[in-house]
Amino acid sequence: MTLDPLGPLNVSFEFFPPKTPEMEEALWRTVRRLEPLNPSFVSVTYGAGGSTRERTHATVKRLVEETRLKAAAHLTCVAATRDEVDAVARDYWDAGVRHIVALRGDSQIPGTPYQPHPGGYDYAVDLVKGLRKIADFEISVAAYPEVHPDAASAQADLDNLKRKIDAGATRAITQFFFDNDVYYRFMDRVLAAGIKVPVLPGIIPVSNFRQIVKFAAATGATIPASMARHFEGLDDDPETRKLIAVTVAAEQVRGLAAAGVKDFHFYTLNRADLCFALCHLLGLRAA
């Protein structure tokens with residue numbers, strides 16, 4: 001529940017599948033720390049080129065079996081035929097997973113253009129259509145307030161989002177952004193295009209500024225100069241960076257909530273501390 005004067009807020013969390021036993025222990029500490037906050041759902045990412053398929057499936061399956069969380073599995077078009085992707089989707093359904101985050105996915109070779117897999121789903125819209133034929137999944141798709149790096153134009157990117165929704169997606173989740181005006185302008189265009197499903201803002205608390213600069217360069221997200229100033233001179237001061245990260249993220253969410261946004265998706269990077277502190281500042285308490 002939330003005690004925030006802005007009214008009830010709903011949150012969801014994104015995790016990534018662990019690569020090592022130590023990372024797995026860290027992930028499950030994060031899951032257990034955030035579980036009492038009763039998120040709307042939690043999602044588990046899918047590595048570039050399908051590289052984490054088995055680990056994603058194992059993580060999602062464990063979430064279903066060992067927690068009360070509603071788990072969503074990321075699924076991409078890369079490195080698999082349609083039959084192979086369909087088989088993964090059916091495995092998820094059989095395991096009790098009812099929510100898929102359907103994505104195109106990135107090129108298997110970093111730095112090279114995306115190429116559809118021979119015999120596979122070409123793009124996310126095709127994957128959404130395929131999932132609709134398999135089972136009655138809840139389907140989330142990606143949205144890009146600052147335009148997907150591969151899109152020909154902002155309008156082409158918006159048209160692609162509309163096709164994904166028209167194909168059967170039930171919500172969109174945005175790439176992270178740091179300027180709320182970017183989201184507001186994007187939502188004006190989304191609504192004008194006739195898109196009526198929820199579009200959850202993706203929020204990432206930033207404790208490692210150098211890392212987020214790299215992420216932003218790859219995704220086309222802009223970093224306001226004011227944010228860069230907040231982290232100036234703190235490369236060797238992780239504790240202060242964490243305090244600033246939570247403060248900046250809370251300010252961003254409160255601004256969005258004041259404008260009427262009530263649903264948020266937090267990119268956790270498998271860390272509980274920042275997201276738990278952020279939720280606490282926003283008035284969220286254990287159910």
Would you say the side chains of [X] and [Y] form a donor-acceptor pair under 3.5 Å?
X	Y	answer
Tyr144	Asp150	no
Arg271	Ser207	yes
Ser43	His74	yes
His230	Arg241	no

For a 4.5 angstrom cut-off between non-hydrogen side-chain atoms, does [X] reach [Y]?
X	Y	answer
Ile195	Val197	yes
Asn160	His148	no
Val128	Tyr123	no
Leu34	Pro39	no
Thr56	Thr45	no
Tyr92	Lys61	no
Leu63	Trp28	yes
Tyr46	Pro17	no

Heavy-atom pair of closest approach, residues [X] and [Y]:
X	Y	value
Tyr184	Gly255	OH-O, 3.2 Å
Leu278	Ala249	CD1-C, 3.8 Å
Thr268	Glu14	OG1-O, 2.7 Å
Ala167	Lys129	CB-CG, 3.7 Å
Pro8	Lys262	O-CD, 3.4 Å
Asp122	Tyr114	O-OH, 2.5 Å

Are the side chain of [X] and the backbone of [Y] linked by a donor-acceptor contact shorter than 3.5 Å?
X	Y	answer
Arg55	Pro18	yes
Glu138	Thr170	no
Lys164	Ala142	yes
Arg285	His280	yes
Asn270	Phe16	yes
Arg98	Phe137	no
Thr174	Phe176	no

Any Lys/Arg nitrogen of Glu251 or Arg254 sitting under 4.0 Å from an Asp/Glu carboxylate oxygen of the other? no
Under 4.0 Å between a Lys/Arg side-chain N and an Asp/Glu carboxylate O for Asp94 and Arg90? no
Here's a test for you: under side-chain hydrogen bond (donor to acceptor under 3.5 Å, both in side chains), which of Asp86, Thr81, Asp126 qualifies with Tyr121? Asp86
Pick from His265, Arg171, His99, Lys70: which one makes a side-chain hydrogen bond (donor to acceptor under 3.5 Å, both in side chains) with Ser12?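 That would be His265.
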With salt bridge (Lys or Arg N to Asp or Glu O under 4.0 Å) as the criterion, how do Arg163 and Asp159 come out once you've worked through the C-alpha distance, each side chain's angles and the decisive distance to 0.1 Å? CA-CA 6 Å; Arg163 285 192 293 271; Asp159 291 344; 5.2 Å; no
Identify whether Ile244 and Val253 are in the same connected component of the hydrophobic contact network (ILVMFWY, side-chain heavy atoms under 4.5 Å).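 They do not share one cluster, since no chain of ILVMFWY contacts under 4.5 Å joins Ile244 to Val253.
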Verify salt bridge (Lys or Arg N to Asp or Glu O under 4.0 Å) between Arg62 and Glu24, making sure each step is shown before the conclusion. CA-CA 12 Å; Arg62 186 174 171 187; Glu24 183 163 7; 3.4 Å; yes
Checking Glu232 against Arg229 for the salt bridge (Lys or Arg N to Asp or Glu O under 4.0 Å) test, could you report, in this order, the C-alpha distance in whole Å, the side-chain angles of both residues, the deciding distance, and whether it holds? CA-CA 5 Å; Glu232 202 169 67; Arg229 286 194 296 272; over 6 Å; no
Apply the side-chain contact (heavy atoms from CB on, under 4.5 Å) test between Gln252 and each candidate in Phe264, Phe177, Tyr183; give the one that qualifies.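 Exactly one candidate clears the test, Phe177.
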